[in-house]
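Since the structure comes first, as structure tokens, the remarks are kept for the end.
We use all heavy atoms of the structure for the numbers below, so side chains are in, but hydrogens, waters and symmetry mates are not.
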Amino acid sequence: MNRIWNSVVGKLWGTILLLVLFVLFIVTVLMLEFLEDFHTEQAEEILRQEAATIGKIVEQHENLENSLSIISDILGSETNTLIVRNADSVFLSVQEGLNKEVINDKILEDEQLSKIYTSDKTIIKKMLMPSMTEENRMENYIILASPLEADEQVHGAVFIYQSLEVVNKTSNNTTKIVFLSGFIALLLTTLLTFFLSSKITSPLRSMREAALELAKGNFETKVPYTQRDEIGELGSAFNRMGKQLKHHVEVINQEKEQLSSILTSMTDAVITFNKEFQVQVSNPQADQLLNKWHEENDIANKSDLPDELQHLLEHVLHLEEELDEELEIRGSYFSVSISLLYSNESVRGAVVVLRDMTEQHRLDKMRSDFIANVSHELRTPISMLQGYSEAIIDEIVTTEEDKNEMIRVIYDESKRMGRLVTELLDLARLESGYLSIHKEKAEIVSVIERITQKFDQAAKESNVSLKFDHNIPSEELIEIEIDEDRMEQVLTNLIDNALRHTPEEGSVSVLLEKSKNQIIIKVSDTGFGIPAEDLPYIFERFYKADKARTRGKAGTGLGLAIAKNIVERHEGHLSAESTVGVGTTFIIQLPLS
């Protein structure tokens with residue numbers, strides 16, 4: 001029931017029904033009042049005419065018994081009369097029904113009606129008297145008193161009275177007719193209302209269902225509109241709205257996907273914050289950075305930020321100004337750009353773009369260190385070349401033997417400068433990928449054995465024991481694809497370093513091992529060892545460990561960097577293990593296939 005009253009049909013039906021009932025009520029009340037007055041006036045007029053006629057008959061005929069039939073014919077079926085010759089006696093009473101004497105007494109005893117004996121005007125009065133049809137029942141009567149022989153001072157009167165039940169019956173019949181008409185009107189109104197309402201609400205229900213489908217994301221939903229009225233125009237507008245909504249949603253989704261793709265493909269970290277410093281949007285790079293900060297500091301809430309970035313955000317949101325800054329956050333360097341986000345001309349947050357500059361800082365430092373190291377490495381041979389050349393030019397040396405010694409030093413230093421420049425060029429080509437690696441199949445045992453034998457004489461001169469060993473059966477032939485010349489360069493550098501940094505009576509060993517899928521070459525010495533804090537940096541260019549490992553005159557400081565690049569170009573790995581006072585082992589791992 002509530003569903004009906006809450007619907008448009010129920011509201012429209014209730015409104016029209018109340019309006020019709022109100023109009024019918026007003027019309028019924030007015031009509032009943034009008035009919036009652038009309039019938040009363042009509043009854044009074046009829047009574048006047050009958051009274052006047054009876055009065056003339058009484059005045060013209062002395063013997064009224066002979067005129068009784070005429071008077072009865074004049075009176076209507078519901079009309080009665082009482083004729084009084086004078087104020088003292090009743091001359092004639094014509095009445096059918098009960099309570100005749102009681103009614104006559106009430107009429108004759110009424111003070112207002114008694115005035116008719118001395119008046120020449122008719123008197124009309126409504127009285128409550130006993131019914132003429134039922135016992136113990138009172139009815140309303142209309143009584144008309146007309147003077148008889150009015151030219152005398154005291155005269156008689158004709159009293160004509162009629163029950164108002166006739167008027168009431170007429171009013172009741174009229175009321176029934178009105179109520180019947182009202183019921184028919186109510187029925188027709190209800191049918192018409194529901195018919196019209198269905199015409200209106202049916203398309204509205206269709207629009208409601210279509211709106212629910214639109215809310216679910218089904219933008220293909222359309223409303224059929226065949227009417228040419230306002231509802232039809234509303235249906236057409238609804239379909240246009242659905243089409244436009246679909247277009248706008250597609251545009252928004254495309255822009256969202258495009259923005260998501262841009263954020264995902266960016267190498268920079270992008271984070272959007274609200275005014276409470278809570279993360280709203282972030283790309284994968286930013287998520288990794290936030291997780292890293294969280295893991296490093298064991299923060300309970302992942303939205304917590306480093307103090308440096310928190311202070312920058314507070315500054316930007318408080319002063320409402322954009323900021324570009326470079327700062328160090330927990331050992332890493334970042335270029336930070338912070339822009340404001342607006343909503344209805346008020347700041348609702350900020351977007352932070354973080355670019356990791358740590359590697360660039362490292363490369364800049366490496367570049368500056370490289371230039372300083374190259375300058376330092378070239379300064380010594382150049383100084384020696386300049387000094388010995390001046391000594392020869394100024395003829396400071398007199399003997400031929402001293403002169404030849406100086407020339408030998410100049411020659412050695414020039415060769416050292418040549419090697420330095422060559423190795424710098426080789427390292428640059430290796431790092432840029434321009435130095436070609438020509439791989440060919442080679443029997444690895446014989447290659448390493450040959451390279452090791454080249455240093456037998458140098459080991460004897462340094463009083464150092466040099467040996468080569470392997471765990472490969474003699475009948476097994478192991479061939480791998482390598483650039484033999486470049487691999488010889490690597491082993492030459494490692495063995496030469498081991499011999500130079502091993503004291504007398506020490507030993508250098510070259511060990512070849514085969515595992516399941518790789519060849520392992522170890523070059524070990526019993527030298528001074530490398531401190532643990534220096535070990536991660538020994539493959540950098542011109543890096544110097546402590547004085548015990550400082551290279552001699554023949555070293556350039558680039559050998560290990562070149563060796564590492566060559567091994568990596570063979571898809572291998574070069575590492576070092578060392579204990580101070582015990583020795584150092586360089587390990588080369590090369591894939592078998």
Side-chain angles (χ1 to χ4, degrees), residues 215-217 219 245-370 431-433 536-537 539-540 564 568 573:
K216 295 177 182 177
F219 299 110
L245 186 61
K246 178 184 178 183
H247 172 70
H248 291 312
V249 169
E250 288 177 351
V251 171
I252 292 173
N253 287 335
Q254 289 175 0
E255 293 178 353
K256 184 178 179 181
E257 291 175 0
Q258 183 178 3
L259 179 60
S260 177
S261 300
I262 292 173
L263 288 176
T264 304
S265 61
M266 286 180 65
T267 57
D268 299 338
V270 181
I271 315 173
T272 301
F273 297 91
N274 59 14
K275 298 190 73 173
E276 286 74 33
F277 306 105
Q278 295 175 340
V279 177
Q280 302 296 304
V281 178
S282 60
N283 63 347
Q285 290 74 14
D287 293 336
Q288 294 176 4
L289 192 58
L290 291 173
N291 291 333
K292 177 184 176 183
W293 289 338
H294 171 70
E295 292 172 358
E296 288 177 354
N297 297 275
D298 195 21
I299 301 174
N301 186 357
K302 289 190 177 183
S303 64
D304 288 351
L305 302 172
D307 294 336
E308 300 88 345
L309 189 58
Q310 184 84 15
H311 294 329
L312 283 182
L313 270 175
E314 291 175 354
H315 174 80
V316 169
L317 292 176
H318 178 68
L319 299 180
E320 296 186 359
E321 63 179 13
E322 298 184 352
L323 183 68
D324 290 317
E325 192 69 43
E326 187 169 321
L327 72 160
E328 181 182 359
I329 301 177
R330 298 171 185 172
S332 300
Y333 296 89
F334 293 92
S335 174
V336 183
S337 177
I338 304 178
S339 302
L340 294 172
L341 297 174
Y342 294 91
S343 177
N344 297 327
E345 299 182 356
S346 62
V347 176
R348 64 177 178 87
V351 57
V352 179
V353 180
L354 295 165
R355 175 172 294 177
D356 193 348
M357 306 293 289
T358 306
E359 183 66 18
Q360 184 173 341
H361 271 261
R362 190 185 71 81
L363 293 175
D364 290 341
K365 185 177 183 303
M366 186 182 297
R367 187 180 297 109
S368 62
D369 292 345
F370 175 75
E431 290 180 345
S432 63
Y537 308 103
F539 294 106
E540 294 184 4
K564 185 175 180 63
E568 289 177 351
H573 179 67

Is Ile338 close to Val352 at the side-chain level, that is, under 4.5 Å between some pair of heavy atoms?
yes
Side chain proximity check, Ser332 to Lys292, heavy atoms < 4.5 angstrom:
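Answer yes - side chains close enough.
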Could you note down all residue pairs passing salt bridge (charged side-chain N to carboxylate O under 4.0 Å, His left out) where residues 346-361 supplies at least one of them, sequence neighbours left out?
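For residues 346-361: Asp268-Arg355, Glu359-Arg362.
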What are the two closest heavy atoms between Phe273 and Gln280, and how far apart are they?
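Smallest interatomic distance, heavy atoms only, reads C-CG, 4.2 Å.
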Heavy-atom closest contact (Glu314 atom, Phe277 atom, distance)
CG-CZ, 3.4 Å
Which donor-acceptor pairs under 3.5 Å do the side chains of residues 318-327 make with protein atoms, sequence neighbours left out?
residue : atom : partner : partner atom : Å
Glu321  : OE2  : His315  : NE2          : 3.0
Asp324  : OD1  : Ser337  : OG           : 2.8
Glu326  : OE2  : His361  : NE2          : 2.7

Value rounded to 0.5 Å, distance of [atom1] in [X] from [atom2] in [Y]:
| X | Y | atom1 | atom2 | answer |
| --- | --- | --- | --- | --- |
| Ser346 | Lys275 | OG | NZ | 7.0 Å |
| Phe334 | Leu289 | CZ | CG | 4.5 Å |
| Ile271 | Leu313 | CD1 | CG | 8.5 Å |
| Leu259 | Ile252 | CG | CD1 | 13.0 Å |
| Leu317 | Leu341 | CG | CG | 9.0 Å |

Pairs in or reaching into residues 250-263: which pass side-chain hydrogen bond (donor to acceptor under 3.5 Å, both in side chains), with residues at least two apart or in two chains?
none
